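Small disclaimer: the values here were computed from a predicted structure and weren't measured. Here, residue 1 is the first one in the sequence, and each next residue gets the next number.
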Amino acid sequence: MFDYIPERSLEPPEDVVVGYCDQCGGEIYEGEEVYDIDGDTIHEDCLLDYAREHLAVKREAGVYAYC
């Protein structure tokens with residue numbers, strides 16, 4: 001009677017890669033929260049490293065230089 005119902009897979013569906021993080025180069029999966037900063041797509045976990053590298057104000061002996 002119910003032999004027309006397909007059997008559901010026991011394994012979860014594979015994650016769909018939609019891009020790559022511009023900070024670490026890692027895969028970005030569909031539905032994952034990311035940041036878009038000046039055209040760069042950044043994982044949430046990579047945001048602090050990205051900010052230190054690209055957005056921080058460097059300071060040397062009282063002299064400020066913007067990157």
Side-chain angles (χ1 to χ4, degrees):
M1 176 176 188
F2 293 105
D3 51 341
Y4 65 90
I5 298 174
E7 192 171 313
R8 201 170 81 176
S9 175
L10 297 177
E11 294 184 27
E14 288 189 31
D15 291 328
V16 177
V17 177
V18 294
Y20 296 90
C21 177
D22 289 306
Q23 179 63 29
C24 73
E27 297 174 336
I28 295 174
Y29 300 102
E30 187 174 46
E32 184 175 8
E33 286 195 32
V34 294
Y35 290 86
D36 183 9
I37 303 171
D38 293 334
D40 290 338
T41 304
I42 310 298
H43 284 126
E44 187 172 15
D45 293 342
C46 297
L47 187 59
L48 184 57
D49 291 335
Y50 182 87
R52 284 182 180 143
E53 199 172 303
H54 299 282
L55 306 174
V57 176
K58 292 185 180 180
R59 191 176 91 179
E60 296 179 22
V63 177
Y64 291 91
Y66 292 90
C67 302

Q | Partners meeting salt bridge (Lys or Arg N to Asp or Glu O under 4.0 Å) with Asp45 (sequence neighbours left out) | A | none

Identify each donor-acceptor pair in which a side-chain atom of residues 30-38 lies under 3.5 Å from a protein atom, sequence neighbours left out, and give them as a table.
residue: Glu32; atom: OE1; partner: Tyr29; partner atom: N; Å: 2.9
residue: Asp36; atom: OD1; partner: Gly39; partner atom: N; Å: 3.4

Q | Atom pair CD/CD1 of Glu44 and Ile28 - distance to nearest 0.5 Å | A | 12.0 Å

Q) Are the side chain of His43 and the backbone N or O of Glu27 linked by a donor-acceptor pair below 3.5 Å? A) yes

Q) Short question: side chain of Asp22, backbone of Ile42 - any donor-acceptor pair under 3.5 Å? A) no

